[in-house]
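Scroll down for the structure; my scribbles are underneath it.
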Amino acid sequence: MSQTIRITKDYVSGVLTKEAEPAAVCRSGDTVVFETRDCYDDAVISEDRPLGDKKDAIENPATGPLYVEGAEPGDVLKAEILDIELREWGVMRSSTLCGVFHEDFAERSARIFRILNREDGLQYVRFDETLTIDLDPMIGVIGTAPAEEGITTDTPDSHGGNMDCRRIVKGSVLYLPVNVKGGLLSMGDLHALMGDGEVFICGLEIGGRVTVRVSVVKGRQAEVLPTPFLSCRGRVMTIQSAATLDEAGDMAARAMKDFVKAVTGKDNLEAGMLMSLLSDMAVCQVVDPLRTVRMEFPLDVLETYGYRLP
Ligand code: CA
Ligand code: CA
């Protein structure tokens, strides 16, 4: 029997590390609710005080970690994103240090946006007198503990982390590496909306509640998945982070090509051709300590060759 477990936003950290004490323990197949703070540690609550009210605010606090029984190094952790519920307001803040436009600003400013509900259940914000914008909630930070040194929650890498991939949404399935016993899954930094690149430095930052079903993938099925790996809206995606977009792009493309080869039996020539014909490269973000690129490939093509996602 599966059970539902809840991790409150009292259990947050600014680093994903194998040293962390688990906030909760679950079994493979359990459903877990993570309550998350926003990336400003819920400290920026007024446009009048853009620096916030907390002295020791954690940057990008991630809720967790969750210890998954039976998860061993070499396995893959499958996280089905069942729901992302947002609180009633989001916030954006300019930066004088980071982001493509940081030189535009001598000081930091914040804007608070109320989350509004339409009759059809969709949510939106009013940007100004002229414009309303529909939301597409996503998870900015989600990852497992790395095998070696801990990694701060501002940085994306092979463990996941601050990937800021706007395809990590309700209905997506994310596959992450298990580097240490139990996997130690954490998440936070929800965005009510974000465009590819996140050029300004933030999305519409918001706290909320994420419901995930967590299971352990083992053996050949796990070996073939180039984590972090995502299934979203009919496409599978490799997500890679590196010092430059060029490097991250090459890594994401190679990871997808090797995956296509492994699950279709194609050689380098045909797999390379399929990549050029059917695969789309997209920028996740250009504002974090490492840059992140994803490579998208249509899942139904892989299924034509008999592949089934675990
Ligand atoms: Ca982020
Ligand atoms: Ca963010």
Side-chain angles (χ1 to χ4, degrees), residues 9 12-16 34-45 50-52 54 57-64 79 81 84-87 89-102 108-113 115 125 133 135-144 151-169 172 174 176 185-210 228 230 237 239-243 245 248 282-294:
K9 59 181 181 178
V12 294
S13 173
V15 56
L16 303 189
F34 290 75
E35 285 182 16
T36 62
R37 302 182 194 178
D38 67 35
C39 75
Y40 308 120
D41 207 15
D42 292 350
V44 183
I45 58 174
L51 297 185
K54 275 189 199 171
I58 304 168
E59 186 187 350
N60 263 1
T63 299
I81 316 296
I84 301 177
E85 297 162 275
L86 306 178
R87 71 172 180 215
W89 57 279
V91 55
M92 298 185 79
R93 185 173 73 182
S94 58
S95 172
T96 57
L97 298 171
C98 304
V100 177
F101 314 126
H102 70 273
R108 290 197 268 195
S109 309
R111 279 282 303 276
I112 306 274
F113 296 88
I115 305 301
V125 290
I133 306 177
L135 304 182
D136 192 6
M138 54 160 278
I139 305 171
V141 171
I142 180 166
T144 49
I151 297 178
T152 53
T153 49
D154 63 351
T155 301
D157 210 328
S158 58
H159 69 302
N162 194 17
M163 295 181 285
D164 287 316
C165 171
R166 72 181 176 98
R167 295 298 183 223
I168 304 178
V169 296
S172 294
L174 180 65
L176 291 166
L185 177 70
S186 301
M187 67 189 75
D189 187 30
L190 301 185
H191 299 158
L193 184 66
M194 190 198 89
D196 280 335
E198 202 187 14
V199 289
F200 182 70
I201 189 55
C202 56
L204 179 46
E205 305 292 337
I206 196 161
R209 221 163 26 207
V210 182
L230 184 70
M237 307 174 192
I239 306 170
Q240 291 289 318
S241 302
L245 276 181
V283 172
C284 293
Q285 58 76 25
V286 296
V287 295
D288 296 333
L290 298 178
R291 309 295 158 96
T292 306
V293 171
R294 67 176 182 273

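Whatever order the structure lists ligands and atoms in, that order sets their numbers, starting from 1.
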Less than 3.5 Å apart, any donor N or O on the side chain of D154 or N162 sitting next to an acceptor on the other? no
Measuring to the Ca ion (ligand 1), does D189 have an N/O/S atom at a distance below 3.0 Å? yes
Report the angle formed at the Ca ion (ligand 2) by atom NE2 of H191 and atom OE2 of E205, rounding to the nearest 10°. 80°
side-chain contact (heavy atoms from CB on, under 4.5 Å) with M187: of L16, V141, V210, only one passes, and it is V210
From I139, I168, I142, D38, residue fulfilling side-chain contact (heavy atoms from CB on, under 4.5 Å) relative to L190: I139
With the Ca ion (ligand 1) at the apex, how many degrees lie between OD2 of D164 and OD1 of N162, rounded to 10 degrees? 80°
Which residue in the set R37, K54, R87 passes salt bridge (Lys or Arg N to Asp or Glu O under 4.0 Å) when paired with D42? R87
